[in-house]
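Computed from a prediction, not measured in an experiment: that's the story for all the values here.
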Amino acid sequence: MTTLPNIEIQNTGPKAFFRKLGPGLITGAADDDPSGIATYSQAGAAFGYGLLWTALISLPLMVAVQLMCARVGIVAKSGLATALRDHYSRSLLWFACMLLVVANTLNIAADLGGMAAAAQLLTGVPRVILVPLFAALILALLVFASYESMARVLKWFALALFAYVVAAVLAHPSILGVLKGTFVPSIRWDRDYLMTLVAIFGTTISPYLFFWQASQVAEQEEHVRARFPMRRRRGEMRRTGRELRDAAVDTESGMFVSQVIMFFIILTAGATLHKAGITDVQSADQAAIALRPIAGPLAYWLFALGIIGTGMLGVPVLAGSAAYAIAEAGAFKGGMDEKPDGARVFYGVMAIAMVVGTVLALTSLNAMKMLVWSAVMNGVLAPPLIVIILMVCNNETIMGRYKNGRLLNVLGWTAAVLMGVGAIAMIVSFFI
C-alpha cells in the first residue's frame with residue numbers, strides 16, 4: 001500500500017519529513033470525501049460562519065483518535081478487528097464490525113450518489129448510468145490495479161478542493177464574523193443545528209478511518225519485517241519508538257490538511273451561499289456556486305473534479321476498511337496487496353458493500369441530502385467505536401509500555417463524550 005521506509009534514512013530535513021507521510025496523509029485526504037464536502041457546504045450555507053469553531057475543536061480530537069489507531073497497527077502489528085478478536089469477546093468484536101459495515105455501506109451509497117450528481121452536472125448523463133459506472137470502475141481498479149496507484153493519480157483531482165481557500169478570500173468574507181465564528185463557539189439547541197453539528201463531527205471523526213489506518217499501518221509494518229527480518233529483531237524497541245513518532249507526524253499532517261479544507265469550505269459557503277440567501281443546499285449546482293468567486297463559469301468543473309476525485313479516493317477506503325474488519329474478525333486472509341483468488345472473503349466484502357451501496361444510491365433520495373445524512377449516521381455510530389478503541393489502547397496486554405498516556409486518553413474520551421452527547425441531543429430534538 002505505502003512506500004517501504006528505508007531503514008537507514010536520515011531522520012531530519014524536508015526529505016525525511018515527506019518519507020514519514022503515508023497512511024495518515026491518505027486517511028486525511030480520504031476524510032474530505034463527497035460526504036464531507038456536502039456537509040461542510042451545508043453548514044456554511046445554513047449557519048454562515050457560525051460553525052467555523054468546529055474545525056479547531058475537532059482537529060486535536062481526530063488526531064488523537066487516528067493516532068491511537070495507528071499505534072495499534074504499529075505496536076500490536078494488527079488491525080483493530082484482530083486486536084478485538086484476540087483479546088475480547090466475540091460479541092464485542094462483531095458489534096464493532098457491524099457498526100462499521102452499516103456506516104460504511106450507507107456512506108458508499110451517499111458518495112456514489114454525490115459523484116454521479118457532480119458528473120451529471122457536467123455531462124447530463126443520468127444518475128442511473130453514472131452510479132453503477134463509478135462503482136464498477138472503482139472495483140475494477142481495486143482488483144486489477146492497486147489503491148496506491150489510484151491514490152498517486154487521483155490525489156491531483158483532490159487538489160481542486162484547495163480552490164476553496166482562494167475562493168474564500170475572493171468572496172470578501174467579514175473578518176469580524178470569521179474571527180467570531182472561529183474562536184467563539186455558539187450552541188443552538190434546535191434540531192437543524194444539532195444535526196449539522198453531529199454531521200460535521202461524524203464526517204471528520206469517521207468509523208471507517210479508524211479501521212483503515214490501523215490495518216494500513218499494520219500492513220506496512222508486515223512489509224518492513226519481511227524485507228528486513230534481522231534488522232527488525234535487533235533494536236525492536238528503539239525502532240518501535242521511532243515508528244510511533246513518525247506515525248504522529250504522519251497523522252498530524254494528514255488531519256491538519258483535512259481540517260484546513262474543512263474550514264475553508266465552511267467559510268466559502270458562508271461567504272457566498274449564506275450571504276446570497278441559499279441556506280439549504282439541494283443540488284450539486286447550488287453547492288458549486290460557492291466556487292464562482294474564483295472560477296466563474298468553471299465553478300461547476302472545479303466542484304465536480306473535487307467531488308469525483310475525493311470520491312475515488314474515499315470509496316475504496318470505505319469498502320476496504322469494511323473488508324479489513326470482516327477478514328480480520330473471521331481470521332481470513334486479506335489485504336490490499338493480496339490477489340482476489342487468495343483473499344476471496346476480503347474482496348467479496350468489498351464487492352458486496354459496493355453492490356449494496358450502488359442499489360441504495362439509485363433510490364429517489366436527494367444525492368446532497370444523502371451525503372449529509374451519511375455524515376449524521378457516522379456521528380451517531382462513532383462514539384461507541386471510540387470507546388472500544390480506548391479500551392484496546394489502554395490494554396497493557398496488547399500495547400505493553402506503549403499504552404495510552406494521559407493526553408491521548410483525555411482527548412479520546414472528550415471525542416467520545418462530545419460526539420455521544422451531541423448525538424443524544426439531536427435524537428431528543430426530533431421528539432420535542
Engineer: Shortest non-hydrogen contact from Leu100 to Ala325?
Structural biologist: CD2-CB, 3.5 Å
Engineer: Is a side-chain donor or acceptor of Arg71 paired with a backbone partner of Tyr402 at a separation under 3.5 angstrom?
Structural biologist: yes
Engineer: Would you say Met262 and Ile200 make side-chain contact, with heavy atoms under 4.5 Å?
Structural biologist: yes
Engineer: Are more than 12 heavy atoms, taken from residues, nucleotides or ligands other than Arg344, located less than 6.0 Å from that residue's CZ atom?
Structural biologist: no
Engineer: Do Leu67 and Met255 have side chains that get closer than 4.5 Å, going by heavy atoms?
Structural biologist: no
Engineer: Minimum heavy-atom separation for Ala76 and Ile398, please, with both atom names.
Structural biologist: CB-CG2, 3.8 Å
Engineer: Could you state the interatomic distance from CZ (Phe210) to OG (Ser321), rounded to the nearest 0.5 Å?
Structural biologist: 10.5 Å
Engineer: Go through Gln120 and Val125 one step at a time and tell me if the side-chain contact (heavy atoms from CB on, under 4.5 Å) criterion holds.
Structural biologist: CA-CA 5 Å; Gln120 186 175 9; Val125 176; 5.9 Å; no
Engineer: Taking distance alone, no hydrogens or angles, what donor-acceptor pairs closer than 3.5 Å link side-chain atoms of residues 406-425 to residues at least two apart or in another chain?
Structural biologist:
residue	atom	partner	partner atom	Å
Asn409	OD1	Asn394	ND2	2.7
Asn409	OD1	Asn404	ND2	3.1
Asn409	ND2	Asn394	OD1	3.0
Asn409	ND2	Gly405	O	3.4
Thr414	OG1	Val410	O	2.6

Engineer: Could you check if a side-chain atom of Lys369 sits within less than 4.5 angstrom of a side-chain atom of Asp280, using non-hydrogen atoms only?
Structural biologist: yes
Engineer: Enter the distance from Thr82:OG1 to Glu328:CD here, rounded to the nearest 0.5 Å.
Structural biologist: 3.5 Å
Engineer: Could you walk me through whether Thr204 and Tyr40 pass the side-chain contact (heavy atoms from CB on, under 4.5 Å) test, one step at a time?
Structural biologist: CA-CA 10 Å; Thr204 53; Tyr40 306 146; 3.0 Å; yes
Engineer: Where do Leu52 and Phe263 come nearest, in terms of heavy atoms and distance?
Structural biologist: CD2-O, 3.5 Å
Engineer: Less than 4.5 Å apart, any side-chain heavy atom of Met399 and any of Val72?
Structural biologist: yes
Engineer: Can you find a heavy atom in the side chain of Phe47 that is under 4.5 Å from one in the side chain of Ser186?
Structural biologist: no
Engineer: Pairing donors with acceptors under 3.5 angstrom, does anything connect the side chains of Thr39 and Thr203?
Structural biologist: no
Engineer: CH2/Trp373 to CG/Asn107 distance, rounded to the nearest 0.5 angstrom?
Structural biologist: 14.5 Å
Engineer: Is any side-chain heavy atom of Leu99 less than 4.5 Å from a side-chain heavy atom of Pro207?
Structural biologist: no
Engineer: Rounded to the nearest 0.5 Å, what separates atom CG in Leu305 from atom CG in Leu298?
Structural biologist: 10.0 Å
Engineer: For Tyr88, does the OH atom have more than 12 heavy-atom neighbours from other residues, nucleotides or ligands under 6.0 Å away?
Structural biologist: yes
Engineer: List the steps and the verdict of side-chain contact (heavy atoms from CB on, under 4.5 Å) for Leu176 and Tyr49.
Structural biologist: CA-CA 10 Å; Leu176 185 61; Tyr49 311 128; over 6 Å; no
Engineer: Considering only heavy atoms from C-beta outward, does the side chain of Lys333 approach that of Phe346 to under 4.5 Å?
Structural biologist: no
Engineer: Any chance the side chains of Gln259 and Ser58 put a donor and an acceptor closer than 3.5 Å?
Structural biologist: yes
Engineer: Between CE of Met354 and CG of Leu139, what distance do you get to the nearest 0.5 Å?
Structural biologist: 4.5 Å
Engineer: Passes side-chain contact (heavy atoms from CB on, under 4.5 Å), Leu51 versus Tyr193? Steps please.
Structural biologist: CA-CA 9 Å; Leu51 284 166; Tyr193 187 92; 3.3 Å; yes
Engineer: Nearest 0.5 Å please: distance from the CG atom of Leu112 over to the CG atom of Leu318.
Structural biologist: 9.0 Å
Engineer: So, does Asp111 use its side chain to make a donor-acceptor pair with the main chain of Ser35 at under 3.5 Å?
Structural biologist: yes
Engineer: Using atom types as modelled and distance alone, determine if a side-chain donor or acceptor of Thr363 lies under 3.5 Å from a backbone N or O of Leu360.
Structural biologist: yes
Engineer: Return the minimal non-hydrogen interatomic distance between Met368 and Ala284, and the atom names on each side.
Structural biologist: CG-N, 3.9 Å
Engineer: Please confirm whether the backbone N or O of Gly306 pairs with a side-chain atom of Thr310, one donor and one acceptor, at under 3.5 Å?
Structural biologist: yes
Engineer: Quick check: does any side chain N or O of Gln42 sit under 3.5 Å from a backbone N or O of Thr196, one acting as donor and the other as acceptor?
Structural biologist: no
Engineer: Indicate the atoms forming the closest heavy-atom contact of Ile138 with Met115, along with that distance.
Structural biologist: CD1-CE, 4.3 Å
Engineer: Measure across Ala96 and Ile388 and return the closest heavy-atom pair with its distance rounded to 0.1 Å.
Structural biologist: CB-CD1, 3.9 Å
Engineer: Mark yes or no for whether Ser215, through its side chain, and Trp212, through its backbone, hold a donor-acceptor pair below 3.5 Å.
Structural biologist: no
Engineer: For the residue pair Glu396 and Arg401, establish whether any side-chain heavy-atom pair is separated by less than 4.5 Å.
Structural biologist: no
Engineer: Please check: side-chain N/O of Ser206 versus main-chain N/O of Leu209, any donor-acceptor pairing under 3.5 Å?
Structural biologist: no
Engineer: Should we count CH2 of Trp94 as having more than 12 external heavy atoms under 6.0 Å?
Structural biologist: yes
